[in-house]
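Proteins come first, then strands; the chains are lettered A, B, ... in the order of their sequence lines, and each starts at number 1.
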Number of protein chains: 2
Amino acid sequence: MPQTMTSADLRIHNQVRLLRAVHDAAEPFTRAEAARLLGIGRNTAAALVGELEQARLLHEVPAETSGRGRPTTLLVPHPQGPLAFAVDFREDTWTLAAAELGGAVTELETGEHDRTPNVFAEIRAAVARHETPRLTVLGFATSGPIRDGHRLHISHLGWDEVELGELIGPDWPRTVIDNDARLAGLAEARRGALRGMGTALHFHIDFDIGGTLLLAGDAQRGGHNIAGEFGHMPLSGSTLRCMCGVQGCWSLDVGANALIRRFGEAPGYGAGRELAQEVLRRAEAGDVEAGAALDDNAAALGKGLGALANALDPEAISLSGLGVELIRLRRAVIEAQCVEALMEFRRNEPPQIVAGKLGGAGPLRGAAEVAWDAVLNADWVKARLTGGR
Amino acid sequence: MPQTMTSADLRIHNQVRLLRAVHDAAEPFTRAEAARLLGIGRNTAAALVGELEQARLLHEVPAETSGRGRPTTLLVPHPQGPLAFAVDFREDTWTLAAAELGGAVTELETGEHDRTPNVFAEIRAAVARHETPRLTVLGFATSGPIRDGHRLHISHLGWDEVELGELIGPDWPRTVIDNDARLAGLAEARRGALRGMGTALHFHIDFDIGGTLLLAGDAQRGGHNIAGEFGHMPLSGSTLRCMCGVQGCWSLDVGANALIRRFGEAPGYGAGRELAQEVLRRAEAGDVEAGAALDDNAAALGKGLGALANALDPEAISLSGLGVELIRLRRAVIEAQCVEALMEFRRNEPPQIVAGKLGGAGPLRGAAEVAWDAVLNADWVKARLTGGR
DNA sequence: ACATTTTTGTTCGCGATAAGAACATAACAA
DNA sequence: TTGTTATGTTCTTATCGCGAACAAAAATGT
């Protein structure tokens with residue numbers, strides 16, 4: 001029972017609702033619209049916004065008039081307001097960006113790295129180079145599961161059980177870290193192809209398949225923060241043994257490894273991704289063998305999606321990574337196999353299978369979302385309003 | 001943006017929190033404890049409770065004193081307060097019960113039925129026989145998916161797309177209907193083996209496997225209210241075709257049908273359940289063939305649970321129906337196969353696999369929960385406080 | 001050019017809420 | 001009997017959002 005409620009908390013509560021609305025909105029809205037949206041009076045809205053402007057959280061700019069009525073103002077993030085930084089930490093590169101309230105993201109810096117934990121110091125240095133008093137919270141996207149929120153398993157870097165505390169020390173700004181596939185899904189749910197869905201799934205297809213279940217715009221984390229390893233269910237009938245230790249994983253039939261295995265290439269990271277791209281190119285050019293590889297990949301993908309849809313009943317499923325190419329080149333195969341894997345009574349209403357709208361920016365955008373989530377709450381807003389900082 | 005908030009709504013909000021706390025608590029608590037629990041003052045608590053007593057929602061009874069201090073009162077459901085009725089509608093029988101705020105359930109009546117939609121009229125008549133002004137809402141548990149909340153598919157009764165509106169008319173009390181496996185899971189999450197878990201799974205194993213994902217004590221419903229058909233994912237490697245229209249369903253290897261298929265019995269309902277019980281008895285008595293059938297069942301069950309745990313990362317998994325017997329007789333097999341299906345890095349922390357605590361009462365208890373859920377909200381409490389009804 | 005309509009901003013008084021302080025009460029303990 | 005402890009009760013106070021009335025600024029109509 002956390003949320004105690006006094007009259008004073010009421011004010012904060014409504015201010016958080018207002019900030020959340022501004023953050024989540026696709027387009028900025030006016031103060032009068034905000035009052036209607038929140039179901040409060042215009043006078044109350046004026047008071048709320050006034051305090052938030054004072055705290056440099058919101059800013060009012062004249063709205064271009066449309067129709068009759070007294071002109072009003074648009075509610076936008078304050079130009080000197082708080083900033084969230086977001087980091088997308090990839091196999092051999094990283095990107096640092098700044099995200100305003102409302103979701104606007106500007107890239108600050110990118111770099112390569114040597115695959116050792118030193119990269120975290122590099123990233124910290126990059127953050128320092130762009131440091132500003134506006135920096136409030138940092139969202140960090142990395143691949144691999146993060147057990148209990150603090151133990152990293154990044155297999156393609158050979159990091160087995162790296163303690164987060166040794167990488168992100170007390171000299172870091174307040175930091176929220178999460179899995180990249182999960183964050184990409186969250187970004188699609190908040191600002192992409194899954195916007196407004198009550199139940200949806202997102203999968204990032206690379207060498208592996210990672211994903212997340214999205215409920216009312218929130219990514220599910222599981223009991224130990226390691227939910228989302230959908231690629232390690234036996235959904236497509238493979239008999240091979242997977243690197244994860246399990247036999248028959250879906251990931252063995254879908255993604256880059258499956259694509260290149262048929263051409264005698266060993267599964268692996270690094271060069272494998274280029275090989276997979278080469279297979280895609282050849283398939284697109286009409287190469288029969290490459291086309292068959294693509295067909296198999298798409299078929300296994302569809303089969304798994306259908307099975308998952310039976311259990312979880314998503315309104316839509318979005319894909320990123322290789323999934324985008326698979327949809328572009330083999331949508332029919334995916335959908336046919338998906339429907340075949342659906343229980344008969346569901347087949348007249350299959351889940352939409354769509355390409356993610358955010359492309360490669362998904363993890364970064366998702367990192368910005370969780371960073372803001374960590375801050376858009378009663379406690380932080382209250383402190384900001386009273387303390388001044 | 002629903003929840004507008006005025007000072008008056010604040011009172012209701014806290015009263016709903018209080019009612020919810022009373023409803024969810026395992027043991028009744030005192031008014032002073034309630035104040036601490038909700039983080040409000042003793043004076044406020046007194047005012048809240050006073051109004052709720054007036055509205056016949058709560059009742060105060062003297063608490064046996066423990067230690068020093070002025071004696072206080074225990075907060076219990078009002079003896080003339082609202083009642084929820086709950087119905088468990090099964091293959092050939094039904095049960096009607098009354099549920100108090102707080103979850104106490106008393107059975108009112110049971111009956112058999114002829115498997116035609118007439119049974120709904122019978123149940124309605126039974127409700128009428130026990131009708132009281134206290135009756136406020138009715139929860140209804142039935143098997144089979146209920147698409148979009150109003151189209152029933154109960155395959156073992158041969159009901160394909162029965163419109164709920166034709167069964168439950170305007171002469172019914174306010175009614176909430178849901179799937180039995182889902183409700184059983186909900187009941188375990190609220191009052192059984194899954195209590196307090198953030199992420200959990202429940203499966204009811206009968207001829208089929210139905211289940212639900214439970215997040216923070218709430219059962220997930222999916223985009224079309226038909227989530228939970230976990231039995232129709234290809235998790236155990238079967239090559240048979242399922243009655244649902246899909247090949248390789250998990251349900252083909254787990255549950256009563258799988259148990260009796262090995263003895264040449266056709267899958268089906270009715271007598272099949274007794275046959276399955278007979279196999280269990282023989283296995284327990286030492287019959288080798290029956291024991292092997294049980295082994296296979298348990299192995300397929302464990303394999304599937306492991307696969308699902310990879311994707312959804314539950315803290316615990318509870319089972320009902322045949323699952324209880326499978327745990328009793330073959331826990332080792334289930335757990336071994338589950339661990340083998342888990343990704344290696346998860347194996348040192350496998351999900352607990354537990355028997356449901358509520359047994360056959362699960363669906364009924366769950367129906368009571370969703371009935372109360374429909375009523376324990378600001379709108380209803382507000383109406384009750386002001387309107388008097 | 002001017003009145004009208006429409007929408008929004010602003011001001012002020014009102015009723016209600018929960019908090020907090022002070023005190024009363026009823027048990028137990030020494 | 002007296003002190004201790006936990007709770008109930010009463011009263012005052014700061015704050016909140018609402019509603020009503022009015023002012024302001026645009027578009028519209030004549």
Side-chain angles (χ1 to χ4, degrees), chain A residues 1-18 21 28-55 58-75 378 381-382 385-386, chain B residues 1-18 21 28-55 58-75 378 381-382 385-386:
Chain A
M1 280 290 157
Q3 40 173 349
T4 180
M5 267 292 184
T6 151
S7 317
D9 296 329
L10 190 52
R11 185 58 149 267
I12 307 287
H13 174 79
N14 280 327
Q15 281 167 328
V16 170
R17 286 207 302 150
L18 179 54
F29 48 81
T30 70
R31 205 171 78 184
E33 284 167 347
R36 280 190 295 270
L37 190 64
L38 300 194
I40 60 181
R42 295 194 301 275
N43 46 1
T44 307
L48 297 182
V49 171
E51 290 180 17
L52 291 173
E53 172 106 45
Q54 199 91 44
L58 284 187
H59 188 55
E60 295 185 87
V61 297
E64 66 281 22
T65 74
S66 69
R68 296 186 183 187
R70 176 169 172 171
T72 178
T73 56
L74 232 39
L75 266 31
V381 172
K382 184 174 195 169
L385 283 167
T386 61
Chain B
M1 278 292 154
Q3 39 171 348
T4 181
M5 267 293 183
T6 151
S7 317
D9 295 329
L10 191 52
R11 184 57 148 266
I12 307 288
H13 173 79
N14 280 327
Q15 281 167 329
V16 170
R17 285 208 301 150
L18 180 53
F29 47 80
T30 69
R31 204 172 78 183
E33 285 166 346
R36 280 190 295 268
L37 190 65
L38 301 193
I40 60 182
R42 295 194 301 274
N43 46 2
T44 307
L48 297 182
V49 171
E51 290 180 18
L52 291 173
E53 172 105 45
Q54 198 90 42
L58 284 187
H59 188 56
E60 295 185 87
V61 297
E64 66 280 23
T65 75
S66 67
R68 295 186 184 189
R70 175 170 173 172
T72 177
T73 56
L74 231 39
L75 266 30
V381 172
K382 183 175 194 166
L385 283 167
T386 61

On DNA chain D, compare the nucleotides closest to B:T73 and A:L10; which residue's is nearer the 5' end?
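The residue whose closest nucleotide sits nearer the 5' end is B:T73.
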Using atom [atom1] of [X] as one end and atom [atom2] of [N] as the other, report the distance to the nearest whole Å.
X: B:D9; N: C:dG15; atom1: CG; atom2: P; answer: 18 Å
X: A:N14; N: D:dG17; atom1: CG; atom2: C1'; answer: 8 Å
X: B:I40; N: D:dG8; atom1: CD1; atom2: P; answer: 11 Å
X: B:L385; N: C:dT17; atom1: CG; atom2: P; answer: 11 Å
X: A:L74; N: C:dT8; atom1: CG; atom2: P; answer: 13 Å
X: A:I12; N: D:dT15; atom1: CD1; atom2: P; answer: 13 Å
X: B:L38; N: C:dT17; atom1: CG; atom2: C1'; answer: 15 Å
X: B:H13; N: D:dC16; atom1: NE2; atom2: C1'; answer: 15 Å

N/O (side chain, [X]) to phosphate O (OP1/OP2, [N]) under 4.0 Å:
X: B:T72; N: D:dG8; result: yes
X: B:R36; N: D:dA6; result: no
X: A:T44; N: D:dC18; result: yes

Going by number, which of residues 58-70 of chain A have a non-hydrogen atom under 4.0 Å from DNA chain C?
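Heavy-atom cutoff 4.0 Å gives A:R68, A:G69, A:R70.
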More 5' along DNA chain C: A:R31 or B:R42, using each one's nearest nucleotide?
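Looking at the nearest nucleotide for each, A:R31 comes out on the 5' side.
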Can you give the donor-acceptor pairs under 3.5 Å from side chains of residues 63-70 of chain A to other protein atoms, not counting sequence neighbours?
none

Any heavy-atom pair between the side chains of B:I40 and A:T6 that's under 4.5 Å?
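Heavy-atom side-chain distance check fails, nothing below 4.5 Å.
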Tell me which nucleotide among [options] gets nearest to the side chain of [X].
X: B:R11; options: D:dC18, C:dG9, C:dA18; answer: C:dA18
X: A:P71; options: D:dC18, D:dA26, C:dA19; answer: D:dA26
X: B:S7; options: C:dA18, C:dG15, D:dG8; answer: C:dG15

Please evaluate the base of C:dG9 for a donor-acceptor partner in the side chain of A:N43 within a cut-off of under 3.5 Å?
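No such pair is found, so the answer is no.
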Between the main-chain N or O of B:V49 and the side-chain N or O of B:R31, is there a donor-acceptor pair closer than 3.5 Å?
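Such a contact is absent between B:R31 side chain and B:V49 backbone.
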So, using side chain to side chain donor-acceptor pair (under 3.5 Å) as the criterion, who are the partners of [X] when residues are at least two apart?
X: A:T73; value: A:E60
X: B:E53; value: B:H59
X: B:S7; value: none

Salt bridge (Lys or Arg N to Asp or Glu O under 4.0 Å) partners of residues 33-51 of chain B, not counting sequence neighbours, each pair once:
B:R11-B:E51
